[in-house]
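All residue numbers refer to positions in the sequence shown, counting from 1. Order of appearance sets the numbers: ligands from 1, and atoms from 1 within every ligand.
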Amino acid sequence: MWKNLKVCVTGGASFIGSHLVEALVHRGAKVFVADNLSSGKLAYLQPLIDQGLIKFSDCDLRWGKNCFTAVRHRDVVFHLAADHGGRGYVDLHQAACATNLGLDSAVFRACLKSHGPGKIVFASSGCVYPNYLQTDPKKELYLTEDMVGPPYDSDGMYGYAKLMAEKTLQAFHQDHKLKSASCRIFTVIGPRMKEDHAICAMIARAFIRQAPFEIWGSGNQIRNWTYVSDVVRGLLLAAEKIEHGTAVNIGTMERTTVLEAAAQVCTLLGHATGIYARPDMPTGPLNRVADNRLAQQLLGWVPEVPFSDGLRKTIEWYVQTHTRDGVAGRLERALTER
Ligand SMILES: NC(=O)c1ccc[n+]([C@@H]2O[C@H](COP(=O)([O-])OP(=O)(O)OC[C@H]3O[C@@H](n4cnc5c(N)ncnc54)[C@H](O)[C@@H]3O)[C@@H](O)[C@H]2O)c1
């Protein structure tokens with residue numbers, strides 16, 4: 001389906017976006033990336049740009065004119081551009097996350113006004129799920145798509161903006177027949193991830209031999225970490241198979257506590273030390289794990305990379321591409337900034 005298709009990836013210089021761009025190029029798509037490089041890195045795309053395999057525009061998509069240029073005449077638009085970061089960022093930068101309301105609106109409006117593209121795939125998030133459901137780590141809870149509904153209680157401005165974007169796309173489909181899909185991505189790991197996300201923060205701390213080794217929250221909070229290649233496959237399948245604005249979870253059903261993850265990280269990096277819990281730091285919901293049965297049913301998507309394998313690959317990449325001094329010098333700031 002992808003050969004010679006004209007595809008735009010907004011936020012394509014990001015961690016997930018750059019892997020998606022590579023997968024699209026591999027499938028023969030003609031890719032245009034629009035990214036203002038506020039957190040993305042041009043270096044991830046430079047080899048593809050140098051080989052003439054993609055076109056790149058350094059532009060701010062909060063401006064309608066830039067959006068129009070990016071989405072016009074495309075068959076598919078993957079909308080990943082966002083003011084986004086890990087737990088420390090989304091909790092402590094509410095106003096910045098609120099700008100996503102304007103950004104998403106500008107991109108979707110341009111899609112509508114340019115009489116295309118054929119389809120929009122939106123990178124939504126597990127943060128749309130109501131906080132009140134996710135307070136008890138003792139519950140064997142799996143979040144199903146229909147749990148997002150009144151009374152909405154999304155995860156801060158970041159979660160509300162993702163929810164509003166999903167709702168906008170559903171309304172655009174209903175009123176204007178604009179085809180779309182929203183992928184509710186659960187926390188992603190893999191090469192190119194940054195230290196503002198918990199797993200990368202743990203890897204960085206073990207790498208610089210932090211002692212005692214800090215984790216945020218009590219450590220009993222439960223998550224499902226999903227490997228980036230699985231997320232990319234989910235986004236591609238959503239483009240191929242969904243068109244009515246349906247939102248679908250892209251996340252594993254592996255339940256792992258932060259303490260368990262920290263122990264695995266320390267073991268893999270040979271860092272034997274005590275773990276020091278920081279319940280005073282941004283923690284997020286206590287029990288957030290996807291139910292991915294809808295993705296199986298609609299997309300035939302099942303995650304292929306178990307957490308332990310994904311973690312090992314992420315650590316291998318991190319160790320090869322970072323230095324201890326470099327990480328130690330910037331880690332404190334990197335934990336809460338983009
Ligand atoms: N990483 C995760 O665990 C996760 C989980 C759920 C959803 N998501 C979503 O996936 C997408 C990609 O996230 P990521 O973690 O790969 O990295 P990211 O947050 O760095 O990606 C955002 C990208 O958008 C670009 N951008 C931001 N504002 C822009 C603007 N105004 N104009 C143009 N470009 C702009 C940034 O430079 C960056 O490349 C985001 O939409 C994010 O909300 C990520």
Can you confirm whether the side chains of [X] and [Y] place a donor and an acceptor under 3.5 Å from each other?
X: N36; Y: R62; value: no
X: D83; Y: Y89; value: yes
X: Y152; Y: K167; value: yes

Atoms of ligand 1 less than 4.0 Å from [X] heavy atoms?
X: H197; result: 1 (N), 2 (C), 3 (O)
X: D60; result: 30 (C), 31 (N), 32 (N)
X: R62; result: 31 (N)
X: I185; result: 5 (C), 6 (C), 7 (C)
X: T187; result: 3 (O)

Among protein heavy atoms, which lies nearest [atom], and at what distance?
atom: atom 16 (O) of ligand 1; answer: I16 N, 2.7 Å
atom: atom 17 (O) of ligand 1; answer: S14 CB, 3.4 Å
atom: atom 2 (C) of ligand 1; answer: V188 CG2, 3.7 Å
atom: atom 20 (O) of ligand 1; answer: S39 OG, 2.6 Å
atom: atom 41 (O) of ligand 1; answer: L80 O, 2.7 Å
atom: atom 32 (N) of ligand 1; answer: L61 N, 2.9 Å
atom: atom 8 (N) of ligand 1; answer: Y158 OH, 3.7 Å
atom: atom 22 (C) of ligand 1; answer: A82 O, 3.5 Å

Item checked: CG/D325: more than 12 non-hydrogen atoms of other groups inside 6.0 Å ->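 No, because the 6.0 Å sphere around CG of D325 holds 12 heavy atoms or fewer from other groups.
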Margin query: Please check if the number of heavy atoms outside W317 that lie under 6.0 Å from its CH2 is greater than 12.
Written below: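 Yes - once you tally the heavy atoms of other residues, nucleotides and ligands closer than 6.0 Å, there are more than 12.
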Taking the minimum heavy-atom distance to [atom], which of [options] ranks first?
atom: atom 29 (C) of ligand 1; options: N36, D35, I250, V33; answer: N36
atom: atom 1 (N) of ligand 1; options: H84, M193, K41, H79; answer: H84
atom: atom 24 (O) of ligand 1; options: S57, A81, S38, G12; answer: A81

Hey, is ligand 1 close enough to [X] that some N/O pair sits below 3.5 Å?
X: L103; value: no
X: G40; value: yes
X: R338; value: no

Could you tell me if any non-hydrogen atom of [X] lies under 4.0 Å from any atom of ligand 1?
X: C59; answer: yes
X: S124; answer: yes
X: K162; answer: yes

Item checked: Heavy-atom closest contact (L335 atom, E195 atom, distance) ->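 In terms of heavy atoms, the two residues are closest at CD2-O, 3.6 Å.
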Checklist line | A82 to R338 - nearest heavy-atom pair and separation | finding: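 Smallest interatomic distance, heavy atoms only, reads O-NH2, 3.1 Å.
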Note: [X]-[Y] ion pair, threshold 4.0 Å (strictly below):
X: K179; Y: E240; value: no
X: D136; Y: K139; value: no
X: D155; Y: R87; value: yes

Relative to the ring of [Y], is the ring of [X] parallel (under 30°), tilted (30 to 60°) or perpendicular (over 60°)?
X: F186; Y: Y129; value: tilted
X: H322; Y: F207; value: perpendicular
X: H176; Y: F172; value: perpendicular

Notebook entry, point to check: For ligand 1, does L37 get within less than 4.0 Å through its side chain, its backbone, both, or neither, judged by non-hydrogen atoms?
Noted result: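 For L37, the contact with ligand 1 is made by the backbone alone.
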Note to self: Counting C-beta onward and ignoring hydrogens, is there a side-chain heavy-atom pair between M147 and L133 closer than 4.5 Å?
What the structure shows: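 Yes; the side chains approach each other to less than 4.5 Å.
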